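Reading through the structure tokens given below for one structure.
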Amino acid sequence: MARLTVTDAPHDIWVVAELKDGAPTPLTLEMTYGARMAADMMGFYVKVAVPGSDAPDAASTLIQAGADRITMIDHPAGPASAAGIASFSAWLNALSDLFVAQSPEFVMLGATPFGEELAARLAQRFGGGLISRCVSLRVDDFDRAFVGKRPVFGGEYFEVVATSGPAPQFATVLPDCFGPPHRDASRYGETERVALQLETGDQRWPPAGRVDFRMPSPKLKTARRIVSVGRQVGDVEAARRLALALGAEFAGAREATDEGYVDESRVVGITGARVSPELYVALGIRGDTHHTFGIQGARFVVAVHPDPDAPIFKQADAGIVGDPAQVARELAESLGG
Amino acid sequence: MRIVVCVKQILDPRGLTVNRKSEKVFVNREEYRLDPASRAALQVAAAVKAAQTASNGANPPEIIALSLGPDRVDDALREAMAFGADRAILLNDPAFETADAFVAANALAAAIRKMGEFDLIVVGARSLDSGSGELGARLAEALEVPAALNAVSVEATPDGLSVVREFGEMFIRLDAPLPLVLSVVPEAFEPGYANGWRLMDAYKKWTVDVWSAADLGLADVDVQSMAVRREDAFPPERQLGTRMKDARELVAALKRERVI
């Protein structure tokens with residue numbers, strides 16, 4: 001397949017913005033600020049492509065966060081909607097035309113459904129490197145490369161990856177990669193507008209409609225609190241009552257399905273859901289890697305297990321060596337009263 | 001109808017220990033397994049085949065499992081046949097040793113084109129190990145077809161597929177035409193098991209075809225990785241959990257940390 005190439009010598013760093021309710025998302029502002037820091041070091045301009053519409057204040061917000069030039073790509077239905085998905089290839093083509101003409105050296109996108117799909121397609125189209133899902137990212141001024149750190153095995157550890165190849169080079173970034181942006185109200189920037197040409201899109205792609213759909217375990221993935229049980233829980237009803245008292249979702253390690261404590265859809269771990277609650281209470285779970293893999297995103301982990309050497313304690317922020325059911329009952333009681 | 005399922009073999013994370021203090025990954029048991037997302041992709045392909053066979057029994061679809069990697073990936077492809085693939089092809093070449101998603105997509109797309117016509121390409125949305133989630137979109141780009149990524153539900157319809165895809169906090173139903181690249185979210189599909197008889201046949205009766213870079217007619221630029229891994233990095237050592245005496249002390253700690 002013929003690859004696209006940029007027109008001029010590559011220069012500048014670009015951000016592909018995403019809007020929500022007419023305003024740039026926090027991740028977009030963070031990327032703009034991150035691009036600003038790289039640009040100051042490299043002598044680049046920061047340019048932001050904004051696919052969307054009805055965003056009168058978006059440009060000034062982005063300029064305050066560090067952008068020098070904004071290109072609004074306008075269409076009444078923004079990309080992050082059912083209609084936007086149907087016209088995805090039109091957005092993709094608009095951005096690749098823009099990049100051919102403007103010759104960016106680096107392009108940053110959000111690690112979101114829209115950003116990741118765009119980034120992978122654009123990187124394949126231009127043949128440049130892509131680092132997906134960065135938790136930290138910088139521009140290496142010697143190699144003129146993106147250098148990004150990204151999670152492996154769901155965040156068990158990380159790998160540091162460098163891009164190479166023809167311009168532009170791409171990266172998608174996760175939230176908190178650069179920290180909150182500094183707003184500078186005195187900054188000055190330019191804004192241009194281009195209209196999205198829907199007919200440039202892939203005509204094979206028919207319209208789509210939004211649906212409400214229930215995943216087998218939708219609640220686990222987004223739950224803020226989870227009470228989870230393993231083989232050593234002792235009294236599973238005590239654990240269920242604790243979940244009720246906490247307003248938590250009830251889940252289990254894989255071995256809890258053997259005991260009939262939870263069904264398949266409520267398993268946390270490698271062969272189940274990966275969760276990221278504020279609070280994860282592990283009752284009678286030993287904590288082997290296949291389970292702890294699923295809880296890397298949890299903010300505060302409580303472990304209760306009779307065996308003081310159970311590996312779960314190495315993952316826990318707070319631990320009690322003892323009878324899980326007993327502790328569950330006491331906890332539920334002190335929360336209730 | 002031809003369905004191609006691209007599968008990935010990964011290092012089994014159950015054999016790994018990550019030591020944050022010494023900043024090393026210890027491989028206690030070097031065992032490889034079929035990625036869970038690839039298993040889900042195979043199951044979805046088998047379900048589409050079953051639906052198509054029921055409506056058009058005279059000409060049942062063929063499922064081809066395709067992978068890229070060294071000799072050991074042979075196992076993953078035999079497992080894929082046990083999961084319902086009719087045949088399997090391994091892209092094995094020293095040129096692929098350091099393949100990134102760009103090289104993988106180029107090689108897989110070249111292999112798919114070499115097979116001839118295709119209707120549906122199924123991949124996992126995100127593998128358990130590196131999890132870049134790039135392959136589906138890259139393949140769609142390389143093969144110049146639409147993509148339905150992050151599918152949580154797939155049904156065969158007379159003209160294509162009815163797909164529900166995840167999109168951030170939304171779910172969106174797509175009436176997807178063929179040919180199509182489909183990526184599936186493994187958590188959304190009940191884990192299935194390989195057929196025991198098929199597993200025996202996969203090892204005793206069936207073969208895995210092997211294609212090299214030369215067979216695929218790839219140019220040098222197609223096998224040049226554009227993202228190079230420099231080193232591993234580690235999260236800060238986790239504060240070893242504070243041991244608590246009882247529930248009361250725990251509740252106090254939870255309140256202090258503002259988790260309740």
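Letters A, B, ... are given to chains in the order of the sequence lines, protein chains preceding strands, and every chain is numbered from 1. Note that this is a predicted model, so its numbers are computed, not measured.
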### Task
Check whether Leu128(B) gets within reach of chain A through its side chain, its backbone, both or neither, counting any heavy atom under 4.5 Å.
both
### Query
Checking heavy atoms, do the side chain of Ile260(B), its backbone, both or neither come under 4.5 Å from chain A?
both
### Task
Take the angle between the ring planes of Phe170(A) and Phe126(A) and call it parallel below 30°, perpendicular above 60°, tilted in between.
tilted
### Query
Side chain, backbone, both or neither: which part of Leu118(A) has a non-hydrogen atom closer than 4.5 Å to chain B?
neither
### Query
Regarding Asn106(B) and Gln124(A), is there a side-chain donor-to-acceptor distance under 3.5 Å anywhere?
yes
## Note on the structure
Heavy-atom nearest pair, Cys6(B) first then Ile112(B), reads SG-CD1, 4.4 Å
### Contacting moiety of Glu159(A), where chain B heavy atoms sit under 4.5 Å
both
### Task
Name the region of Leu246(A), side chain, backbone, both or neither, that has any atom closer than 4.5 Å to a heavy atom of chain B.
side chain
### Query
What residue, out of Ala253(B), Ala247(B), Ala233(B), has the most heavy-atom pairs lying under 4.5 Å from chain A?
Ala233(B)
### Summary
Cut-off 4.5 Å, heavy atoms of chain A, and the answer for Val18(B) is side chain
### Engaged part of Arg126(B) at the chain A interface, taking heavy atoms whose separation is under 4.5 Å
side chain
### Query
Given the options Gly128(A), Gly129(A), Gly247(A), which has more heavy-atom pairs under 4.5 Å with chain B than any of the others?
Gly129(A)
